[in-house]
Amino acid sequence: MDRPFLDLGPCGPLRGALRVPGDKSVTHRGLMLLALAEGEGRLYHPLKAGDTLSTARVLRALGAEIEEEGPHFRVRGRGLRLKEPEDVLDCGNAGTLMRLVLGILAGQEGLFAVLTGDASLRRRPMARVAEPLRAMGARIDGREGGGKAPLAVRGGPLRGIRYTLPVPSAQVKSALLLAGLFAEGETEVEEPVPTRDHTERLFRHFGLPLWVAGNRVRTAKTGPFPAKDLTVPGDFSSAAFFLVAALISPGSEVVVEGVGLNPTRTGLLQVLKAMGAEVEWRVLEGEAGEPVGYVRARHSPLKGVAVDEGLIPLMVDEVPILAAAAAWAEGETFIPGLSELRVKESDRVAAIAQNLRALGVEVEEGPDWLRIRGGGVRRGEVEPFHDHRIAMAFAVAGLPVGVRVWEPEWAEISYPGFFRDLLGLCGAS
């Protein structure tokens, strides 16, 4: 069978302003908390893409009423008591959905549910969530010793725990905080380094119990809470592709407006500045505790850098597009601390290395690091490996010289219309 592909570029200067779709992380969490709230709330400017539509579908199966009103969602929650699903819950490709909803289901006394997903999601590790939830009293089983989907969970009484994350993970932290809303006593999570804090900000928005001290965050059992409207900022991870596209394309200047500038998400901006990028940003407003503003990027000669490993948790989803920037930078870029990328939608370390080589870039790959020798790329073909961020990052990497992207539809997992918007900035249609 013929495989779909898209030929892009060579693209001249990218110019213009755009707004990217709503933040995927905030959309997932907003839908879940509205499903647990009492009454009706609206989610404005959400991401409506493969992963978040999976979340809406799963929450509907658990009894929440979720309707699409034009670009928005209207949600009537179930309160803290969800309905037992009649069938297996299909999480699609959404790891955030599977991990976070596992925390919610663990606290639903007597409710039985089975979670599965596509082939990629069934390969991803879930023990990192299941094990601390079991320590809280959850009954969870699955393949390979209970660590991979399909996962079966029967909700029951939970008790709060103090848990230190062995590796930084906002998803594990969030799952435990959600479970903590149903647990007797207090639930405390300590992080080795800060990770994205969207869950904490949304807890404050909905008036849920929350205490933060340094790298420790704590919650407690809650009673019913009312629904509240929520506006989702533009997704910084989606904006990053256009910023790097402008930086590597001569004569370009791009502004992304209305984008979330949560400091636990914007480590990439610090790295790009260190590489010599002409990039500026400003916070103009806030939505539900999330800072929102604009970012402007102009074409800049980039130089290779050694990335501070402490920044990786603040830019974990942006490593593929950072690799694209490094391919065009003069000199060597070293990116450490990438063990988590081995267990994303694809093995992103391997996928990055293979696609860089396909574009003529010299790269070394270690167990948790990449060393990229930049200077530009040549025309070539790139593989997405069933991974939306790989598809978009390497479309950008090859844009100035021309590139063929196999199976470009994977971009729709997080950004429907990505290639339309990219070509629009190139003056194409």
**Any donor-acceptor N/O pair, D229 side chain to R42 backbone, under 3.5 Å** = yes
**Prompt:** Would D235 and Y415 satisfy side-chain hydrogen bond (donor to acceptor under 3.5 Å, both in side chains), going step by step from the backbone distance to the final call?
**Reply:** CA-CA 10 Å; D235 196 315; Y415 197 148; over 6 Å; no
**Item:** Aromatic plane relationship, F242 with F418 - under 30° parallel, 30 to 60° tilted, over 60° perpendicular
**Value:** tilted
**Prompt:** With no hydrogens and no angle check, is any side-chain donor or acceptor of K83 less than 3.5 Å from a backbone partner on L111?
**Reply:** no
**Request:** Tell me, with the steps shown, if M32 and L36 meet side chain to side chain contact (heavy atoms under 4.5 Å, CB included).
**Result:** CA-CA 6 Å; M32 290 179 193; L36 292 173; 5.7 Å; no
**Message:** Determine whether a donor-acceptor pair (N or O, by modelled atom type, separation under 3.5 Å) exists between the side chain of N355 and the backbone of E383.
**Reply:** yes
**Prompt:** Closest approach of L14 and C426, non-hydrogen atoms and distance?
**Reply:** CG-SG, 4.0 Å
**Item:** Atom pair NZ/CZ of K148 and R122 - distance to nearest 0.5 Å
**Value:** 11.5 Å
**Item:** Spacing of L18 atom CG and E257 atom CD [to the nearest 0.5 Å]
**Value:** 8.0 Å
**Asked** For E365, what residues pass the salt bridge (charged side-chain N to carboxylate O under 4.0 Å, His left out) criterion, not counting sequence neighbours?
**Response** R342
**Message:** Between R74 and E67 (salt bridge meaning N to carboxylate O under 4.0 Å), is one present in this structure?
**Reply:** no
**Prompt:** Can you tell me how far the CD1 atom of I104 sits from the CG atom of L59, to the nearest 0.5 Å?
**Reply:** 7.0 Å
**Request:** Output yes when R348 and D317 qualify as a salt bridge under the 4.0 Å nitrogen-oxygen rule, no when they do not.
**Result:** yes
**Request:** For R15 and V254, work out which heavy atoms get closest and say how close.
**Result:** N-CG2, 4.5 Å
**Prompt:** How long is the span from the CG atom in N262 to the CG atom in L314, to the nearest 0.5 Å?
**Reply:** 9.5 Å
**Asked** For E362, does the CD atom have more than 12 heavy-atom neighbours from other residues, nucleotides or ligands under 6.0 Å away?
**Response** no
**Any donor-acceptor N/O pair, R371 side chain to E332 backbone, under 3.5 Å** = no
**Request:** Supply the atom-to-atom distance W369 CH2 to L341 CG, rounded to the nearest 0.5 angstrom.
**Result:** 15.0 Å
**Asked** So, for R265 and S25, which heavy atoms are closest and what is the spacing to 0.1 Å?
**Response** NH1-OG, 4.0 Å
**Message:** Please determine whether side chain to side chain contact (heavy atoms under 4.5 Å, CB included) holds for the pair L133 and M136, giving the CA-CA distance in whole Å, both sets of side-chain angles, and the decisive distance to 0.1 Å.
**Reply:** CA-CA 5 Å; L133 288 174; M136 297 177 74; 4.1 Å; yes
**Fill in**
CG of L34 to CD1 of I66, rounded to nearest 0.5 Å, is 8.5 Å
**Prompt:** Between P263 and R201, which heavy-atom pair has the shortest distance, and what is it?
**Reply:** CD-NH2, 4.0 Å
**Asked** D51 and side-chain hydrogen bond (donor to acceptor under 3.5 Å, both in side chains): which partner among H28, K24, H388?
**Response** K24
**Prompt:** Should T199 and K173 be marked as a side-chain hydrogen bond (donor to acceptor under 3.5 Å, both in side chains) after you check the CA-CA gap, both sets of side-chain angles, and the distance that decides it?
**Reply:** CA-CA 9 Å; T199 300; K173 174 180 65 174; over 6 Å; no
**Taking every non-hydrogen atom, the tightest pair across E200 and L210** = O-CD2, 3.4 Å
**Asked** Which heavy atom of A358 sits nearest a heavy atom of R378, and at what distance?
**Response** O-NE, 4.2 Å
**Asked** Going through the distances and angles, do Y294 and L261 end up as a side chain to side chain contact (heavy atoms under 4.5 Å, CB included)?
**Response** CA-CA 8 Å; Y294 71 84; L261 292 172; over 6 Å; no
